[in-house]
Peer 1: 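Quick one: this structure, given as structure tokens, is what I'll be asking you about.
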Amino acid sequence: MEETTNAVNESKATNFIHEIIEDDINNKKYSTRINTRFPPEPNGYLHIGHAKSICLNFGIAEKYDGWCNLRFDDTNPSKEEVEYVESIKEDVHWLGFDWGGREYYASDYFQQLYDWAEELIKQGKAYVCELTPEQMREYRGTLTEPGKESPYRNRTSEENLDLFRRMKAGEFPDGSKTLRAKIDMASPNVNFRDPILYRIMHQEHHRTGDAWCIYPMYDWAHGQSDSIENITHSICTLEFENHRPLYDWFINQLSIHHPQQIEFARLNLSYTVMSKRKLLQLVNDGDVAGWDDPRMPTISGLRRRGYTPESIRNFAEKIGVARRDNVIDVALLENCIREDLNKRALRRMAVLQPLKVVIDNYPEGQIETLEAINNPEDSTAGTRQIEFSRELFIEQDDFMEIPPAQYYRLSVGKEVRLRYAYIVKCTGFEKDENGNITVVHCEYDPETKSGSGTASKKKVKGTIHWVAAHNAAHAEVRLYDRLFNVEDPAGVKDVDWKATINNNSLVVLPNSYVEPSLLTTQPGDKFQFERLGYFCTDKESPTDKPVFNRTVTLRDTWAKIEKKNN
RNA sequence: UGCCGGGUCGUCUAACGGUAGGACAGCGGCCUUUGGAGCCGUAUGCGGAGGUUCGAAUCCUCCCCCGGCAGCCA
């Protein structure tokens, strides 16, 4: 590896890990560049918690002119699949990071790890054990009592070497033997109570095929993999803190490069679950439509929901990195995507739950073309033409037969502005036999056309959105809400976490209307539907009738007023 | 009750012995042809008790509370 000079960038450290690294750089602790790595196990899809780690590790490489490797910790073939490898690579790239071809696998190091295991055996520091799993548990002791030594602990190196080689050769059935480090069965750190290094698994591996029937345990593989890759700072979550002394012990026995492990607190998000086991269960049980269901906290789910990589990276920046347990309010995530989309998303009008409006004094058959602003936050986004006519659709919510105070929308006798068009006054409405309002009648004031200059003569408190009936496009809109009803589904006592699932987390509106310009939308396109929220075109949206996913609502002051009044 | 780690506004996060600050959430207001956006203002916090010091969130002692660890998972 070539010599490089690490330099502390102008930007100051923003968390305790940056501080450690800057100290190391200033003290010239390493002659090489700063090397980090993101080490997922390919046994599921990445989630927002991984995004925190990805941003941290790749962010450090960017900040300090270092490298961040992508390494798959694929030491357990019974749980790992190529599908997951592919999804992980896609998600890391989508977030905007690149591992520069340094795509590594723990399985690349199987031979080296095996050789090191033989070395440990020769040193008399590892032995082949034949305890059953049940016996193993008994012998391990408890958190407060020491364990006891395995009867197989004092075999000779020659015998251990022979047995271990025969394990590798496939002479023994699954689970019949293990290779264990010989350390200290009385250690207060249970990780030192002769940890298992290898187990027998006659299981095909997604990369090595049937080349191996013994597989290294994570603890035996992880630290040495970091060492092989010359990782300077091995950043992981808090639960591995107790393992660090063990990794150090292995590294010392083998006299190899010693990466510095630094632990941080994993991300928890309110109103969701984050463990891969639980996410897999939601997928397998059909509670969601898949790993990329827009309600999932997975990166692919957020992507399908309409989140941008920038918003997620900004989120990772805002939540910070520390060692105390934390639960981030999902409102912060939502704020990040609103902030991003407010600046970038084109505005369009969509009526989710249509109610017909007839403007009785507007000439039948007449069509006017109006100019609408694409994004008031971005003058370069320009304008578009929209058509106005006698019959239109408005939102059912924007008319009330008996309006409460502070309701600025339509009711009989009241006036509102139709966005980009005229001020209209409600003159009446029709109901069907079930009492449902079917049509609202209005009269418009021709003097109030938007942008006409005369518009300013009259002021109304409310402006509502609409879609002209003559050229409205049909659309399906999917309204997503939080997947769980409680802040910490996994933490509620005496209640199965699945019982806290929000049954209204998805509401499908199959009969919405949108501006005809939206007919040409492509999957992933993002819009603000005025007054409603941000939406994106679903990845499986058909071309004749688009499907839009609601990413997040707009901040809704009216909803707040309503809530307060109730 | 063994070992390791952690406690700063409601939620996150700063402070590195020298005025406890920022963000989100909340509340109040301004503005507005999106009840959006934006702008202004505002309340709320160092787990507790001692000690060291001119001065402590920061250093020391004791206590309290919370998290992790007993897979042939990672």
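Here is the naming used below: chain letters follow the sequence lines, and residue numbers restart at 1 for every chain. What you see is a predicted model, and the numbers here were worked out from it, not measured in a lab.
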Peer 1: Have a look at Y420(A) and say if it touches a base, only the backbone sugar-phosphate, or nothing, with a 4.0 Å heavy-atom cut-off.
Peer 2: base
Peer 1: What's the closest nucleotide to the R531(A) side chain, out of A25(B), U34(B), A74(B)?
Peer 2: U34(B)
Peer 1: Closer than 4.0 Å, any side-chain N/O of R180(A) to the OP1 or OP2 of C72(B)?
Peer 2: no
Peer 1: Taking the same atom, P, in C65(B) and in A70(B), what whole-Å distance lies between them?
Peer 2: 24 Å
Peer 1: Does E229(A) pair with R37(A) as a salt bridge, N-O distance under 4.0 Å?
Peer 2: no
Peer 1: Find the distance K459(A):NZ to U33(B):C1' and express it as a whole number of Å.
Peer 2: 8 Å
Peer 1: Scan Q528(A) against the nucleic acid and name what it touches under 4.0 Å (heavy atoms): base, sugar-phosphate only, or nothing.
Peer 2: base
Peer 1: Syn or anti: how is G71(B) classified when any glycosidic angle within 90° of 0 counts as syn?
Peer 2: syn
Peer 1: Is the F484(A) ring parallel, tilted or perpendicular to the W497(A) ring (thresholds 30°, 60°)?
Peer 2: tilted
Peer 1: Once the angle between the rings of Y247(A) and Y218(A) is folded into 0 to 90°, is it parallel (under 30°), tilted (30 to 60°) or perpendicular (over 60°)?
Peer 2: perpendicular
Peer 1: Pick the P atom in A37(B) and in C12(B), then give their distance to the nearest Å.
Peer 2: 24 Å
Peer 1: Do W558(A) and Y408(A) pass the ring pair (Phe, Tyr, Trp, His ring centres under 6.0 Å) test, and can you show the C-alpha distance, the side-chain angles, and the key distance before you say yes or no?
Peer 2: CA-CA 10 Å; W558(A) 169 246; Y408(A) 302 148; 7.5 Å; no
Peer 1: Please work out if N242(A) contacts a base, only the sugar-phosphate, or nothing of the nucleic acid, heavy-atom cut-off 4.0 Å.
Peer 2: base
Peer 1: I235(A) and L56(A): side-chain contact (heavy atoms from CB on, under 4.5 Å), yes or no, with the steps?
Peer 2: CA-CA 9 Å; I235(A) 297 163; L56(A) 214 208; 3.6 Å; yes
Peer 1: Say you pick atom C1' in U61(B) and the same atom in G71(B); how far apart are they, in whole Å?
Peer 2: 40 Å
Peer 1: So what does M201(A) hit on the nucleic acid, given a heavy-atom distance under 4.0 Å: a base, only sugar-phosphate, or nothing?
Peer 2: nothing
Peer 1: Using atom C1' of each nucleotide, how far apart are G67(B) and G28(B) to the nearest Å?
Peer 2: 39 Å
Peer 1: With a non-hydrogen cut-off below 4.0 angstrom, is R137(A) in contact with a base, only sugar-phosphate, or nothing?
Peer 2: sugar-phosphate
Peer 1: Under a 3.5 Å limit for both distances, which nucleotide forms a Watson-Crick or G-U wobble pair with G36(B), could you say?
Peer 2: none
Peer 1: If you measure from the P atom in G68(B) to the same atom in A25(B), how many Å do you get, rounded?
Peer 2: 30 Å
Peer 1: Strictly by Watson-Crick or wobble contacts shorter than 3.5 Å, is anything paired with G5(B), and which nucleotide is it?
Peer 2: C66(B)
Peer 1: Hey, does L238(A) reach any base, or is it just sugar-phosphate, or nothing, if we go heavy atoms under 4.0 Å?
Peer 2: nothing
Peer 1: What's the gap between G29(B) and G21(B) when it is taken at their C1' atoms, as a whole Å value?
Peer 2: 24 Å
Peer 1: If pairing requires Watson-Crick or G-U wobble contacts with both distances under 3.5 Å, which nucleotide is the partner of C59(B)?
Peer 2: G51(B)
Peer 1: Given that T144(A) and G320(A) both sit by RNA chain B, which one's nearest nucleotide is further toward the 5' end?
Peer 2: T144(A)
Peer 1: Name the nucleic acid region contacted by I196(A), choosing base, sugar-phosphate or nothing; use a 4.0 angstrom heavy-atom cut-off, strictly under.
Peer 2: base
Peer 1: Contact class for Q406(A) (heavy atom, under 4.0 Å): base, sugar-phosphate, or nothing?
Peer 2: base
Peer 1: With E395(A), which of Q353(A), H465(A), R409(A) fulfils side chain to side chain donor-acceptor pair (under 3.5 Å)?
Peer 2: H465(A)
Peer 1: Answer yes or no: does a side-chain N or O of K318(A) lie under 4.0 Å from OP1 or OP2 of G22(B)?
Peer 2: no
Peer 1: Go through it in stages, so that I can follow the logic: the residues are Y198(A) and W212(A), the test is side-chain contact (heavy atoms from CB on, under 4.5 Å), and I'd like the CA-CA distance, side-chain angles, deciding distance and then a yes or no.
Peer 2: CA-CA 11 Å; Y198(A) 277 89; W212(A) 297 85; 5.5 Å; no
Peer 1: Is any side-chain N or O of R324(A) closer than 4.0 Å to OP1 or OP2 of U13(B)?
Peer 2: yes
Peer 1: Would you say R323(A) places a side-chain N or O within less than 4.0 Å of OP1 or OP2 belonging to U13(B)?
Peer 2: no
Peer 1: Using heavy atoms to find the nearest nucleotide of RNA chain B for K52(A) and F529(A) separately, return the residue whose nucleotide is more 5′.
Peer 2: K52(A)
Peer 1: Can a donor-acceptor pair under 3.5 Å be found between the side-chain atoms of R409(A) and the base atoms of G35(B)?
Peer 2: yes
Peer 1: Could you please name the partner base of C24(B), counting Watson-Crick and G-U wobble pairs only when both distances are under 3.5 Å?
Peer 2: G10(B)
Peer 1: Regarding P376(A), tell me which of base, sugar-phosphate or nothing describes its non-hydrogen contacts under 4.0 Å with the strands shown.
Peer 2: base
Peer 1: Classify the nucleic acid contact of H222(A) as base, sugar-phosphate or nothing, counting any heavy atom under 4.0 Å across all strands shown.
Peer 2: nothing
Peer 1: Hunt down the Watson-Crick or G-U wobble partner of U19(B), both distances under 3.5 Å, from any strand shown, or write none.
Peer 2: none
Peer 1: Is it true that a side-chain atom of T142(A) and a backbone atom of T144(A) form a donor plus acceptor pair closer than 3.5 Å?
Peer 2: yes
Peer 1: What integer number of Å spans the C1' atoms of G38(B) and G6(B)?
Peer 2: 40 Å
Peer 1: In whole Å, measure the gap between the P atoms of U19(B) and U58(B) for me.
Peer 2: 14 Å
Peer 1: What nucleic acid atoms does I200(A) come within less than 4.0 Å of, heavy atoms only: base, sugar-phosphate, or nothing?
Peer 2: nothing
Peer 1: Does E377(A) make a side-chain donor-acceptor contact with the base of G36(B), cut-off 3.5 Å?
Peer 2: yes
Peer 1: Pick base, sugar-phosphate or nothing for T463(A), based on heavy-atom distances below 4.0 Å to the nucleic acid.
Peer 2: sugar-phosphate
Peer 1: Under a 3.5 Å cut-off for both distances, is G71(B) Watson-Crick or wobble paired, and to whom?
Peer 2: none
Peer 1: Look through every strand shown and name the nucleotide pairing with C31(B) as Watson-Crick or G-U wobble, where both distances are under 3.5 Å.
Peer 2: none
